[in-house]
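Worksheet: one structure, shown below.
Order of appearance sets the numbers: ligands from 1, and atoms from 1 within every ligand. When a residue number appears, it is its place in the shown sequence, counting from 1. Quantities reported herein were computed from a predicted structural model and do not represent experimental measurements.
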Amino acid sequence: MRAIITGVGHFVPDERLTNQDLEQMVDTNDEWITTRTGIRERRILKQGKATSHMAVQAATRVMEQKGMTADELDLIIVATSTPNTLIPSTAARVQDELNARDCWGFDLSGGCSGFIFALATGSQFVETGRHQKVMVIGADKMSAIIDYEDRNTCVIFGDGAGAVLLEPSEAEDAGIEDFIHRLDGSGHKHLNMPAGGSEMPASQETLDRKLHYVVQEGKTVFKHAITEMTEVSSRIMERNSLSPKDIRLLIPHQANLRIIDAVARRLGLDHDQVAINIQHYGNTTAATIPLALSEAFQEKRVTPGDWVLMTAFGAGFAWGSVLLKWTLD
Ligand code: UT7
C-alpha cells in the first residue's frame, strides 16, 4: 500500500506587507531585501485571526477539490510553530472549525521542516492501512512572533497555509516514495524563540526583554541550510537511482532565494526544475512547501508520473527531503 497525494490547496491572507512598507518601519531598503533574500512582499493575517483560520481555509479548498466532507477525515496533522494556543493543539481547533466528526489529530513542531516531517508521518498511517484519509497541513502566522523593530527577521517572514490529502493506492510506484529526515538539536541556539515555553515562562521580564520573538543567527543558518538540504536531496536521489534530469520539480523551503539557487545548482537542476514563490510570500515556515506545491499544481507544472523532490531546513536544526511520484491530474 502506498500513500498518494489526492488533493492540494493553499490559503494566503489578502493583506500585503511590501519592502516599501518595511522601509518605513525599520532601517532597511528594497534593494537590500531583494538582492539578499529575493523577497518583495509577504502576506499578513489580521489581528484576531489565528493559524487555524488559514489551516481551515487551505483544508477546505482541498476538500472542495475532492468533493468530500470533513466527516470522511481520519486524521488531521497540523505542522506549525505558531499554534493558536499551547493547549490545546491547533489540530483540535481545525477539527472543530471543519466540523470533522470522525477523526483525531495533533500538531507537529518541526519548524520550517514541519510540513515534510508531517507528510512522512501521515503517510505511515496510510501505508499501514490504518487510515484512508489524512489531511496534512502546514500553517504559520509568523507575524505573531516577529519583532517588527528587528530588521534581521521582520523582512523575511510572512503568513500562509497549505494542505494536502493523503489516501491509499494499490499502485506500487506512486506517491510518497522515500524520505530522509534529520534532527541536530545542537543548532537550537542559532534559531529560536527564547520565552513562552517551560524553559522561560512568560513574565514581565520576558516581555520587557522582548523574548517572545524569533531570533536568528542568519549567516550560520544560511550555511547549514545549503549544505544539509543538498546532502539529503543528493542522497535520496542516489538511493532511488535518479539523476537531476529525472526530477520534474524541486520544491525547496522558501527561506532565501540565494539558498534555493545554491541548492539547485549543487544538485545540478535547471531553473525550470525549481518551484520559487518566495518573492510573493517570504518565509511562511511550515507553509512554504505545500503553498509552492499547490501553486505548481495550479500552474500545471506537475503531471502524473513526475518525480517531485521536496527539501527543507530550519529550527532545531531540523531538515530533510521527501521524494514522491506525482499522481494528481
Ligand atoms: O527558515 C528557517 C531557516 N532560515 C534560513 O534559512 C535563513 C538563513 N539566513 C538568511 O537567509 C540570511 O542570513 C539573512 C537574509 C537572514 C541575512 O542575510 P546575510 O546576507 O546573511 O546578511 P548578514 O546578516 O550577514 O548582514 C549583512 C549586513 C550587515 O551589515 P554590516 O555588518 O555588513 O554593516 C547587517 O547589519 O546587512 C545588514 N542587514 C541589513 N541591512 C538592511 C541585516 N539585515 C538587514 C536589513 N536591511 N533587513
Judged by modelled atom types alone, do [X] and [Y] share a side-chain donor-acceptor pair under 3.5 Å?
X      : Y      : value
Thr51  : Asn84  : no
Glu295 : Tyr281 : yes
Thr82  : Asp140 : yes
Glu97  : Ser52  : yes

So, taking the atom named CZ in Phe222 and the one named CD in Gln216, what distance separates them when rounded to the nearest 0.5 Å?
11.0 Å
I need the Met237 CE to Ile247 CD1 distance, nearest 0.5 Å.
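That separation rounds to 4.5 Å.
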Tell me, do [X] and [Y] make a side-chain contact under 4.5 Å, heavy atoms counted?
X      : Y      : value
Met54  : Lys141 : yes
Glu23  : Asp30  : yes
Pro194 : Val215 : yes
Asn283 : Cys112 : yes

What is the closest protein heavy atom to [atom], and at what distance does it sit?
atom                    : value
atom 16 (C) of ligand 1 : Ile156 CD1, 3.5 Å
atom 1 (O) of ligand 1  : Asn283 ND2, 2.6 Å
atom 27 (C) of ligand 1 : Arg36 NH1, 3.6 Å
atom 11 (O) of ligand 1 : Asn256 ND2, 2.7 Å
atom 7 (C) of ligand 1  : Gln216 OE1, 3.4 Å
atom 47 (N) of ligand 1 : Thr28 OG1, 2.7 Å
atom 2 (C) of ligand 1  : Cys112 SG, 3.1 Å
atom 28 (C) of ligand 1 : Trp32 NE1, 4.3 Å

Counting from 1, what ligand 1 atoms have a heavy atom of [X] closer than 4.0 Å?
X      : result
Val155 : 48 (N)
Ala255 : 1 (O), 5 (C), 6 (O)
Arg258 : 18 (O), 19 (P), 20 (O)
Ile259 : 6 (O), 8 (C)
Asn152 : 43 (C), 44 (N)

Heavy atoms only, cut-off 4.0 Å: how does [X] contact ligand 1, side chain, backbone, both, or neither?
X      : result
Thr37  : side chain
Leu191 : side chain
Thr285 : neither
Ile33  : neither
Phe222 : both

May I ask you to decide whether Lys325 forms a salt bridge with Asp173, counting only side-chain N to carboxylate O separations under 4.0 Å?
yes
Salt bridge between Asp71 and Arg101, side-chain N to carboxylate O under 4.0 Å?
yes
Heteroatom proximity flag, Gly218 to ligand 1, N/O under 3.5 Å
yes
What do you reckon, does Asn29 have a nitrogen or oxygen under 3.5 Å from a nitrogen or oxygen of ligand 1?
no
Just to confirm, does any protein heavy atom lie below 4.0 Å from [atom]?
atom                    : result
atom 19 (P) of ligand 1 : yes
atom 31 (P) of ligand 1 : no
atom 45 (C) of ligand 1 : yes
atom 39 (N) of ligand 1 : yes

Measure from the ring center of Phe117 to the ring center of Trp319 and say whether it is less than 6.0 Å.
no
Connected-component partners of Leu98 among ILVMFWY, side-chain separation under 4.5 Å
Val56, Val62, Met63, Met68, Leu73, Ile76, Val78, Val94, Met135, Ile137, Leu165
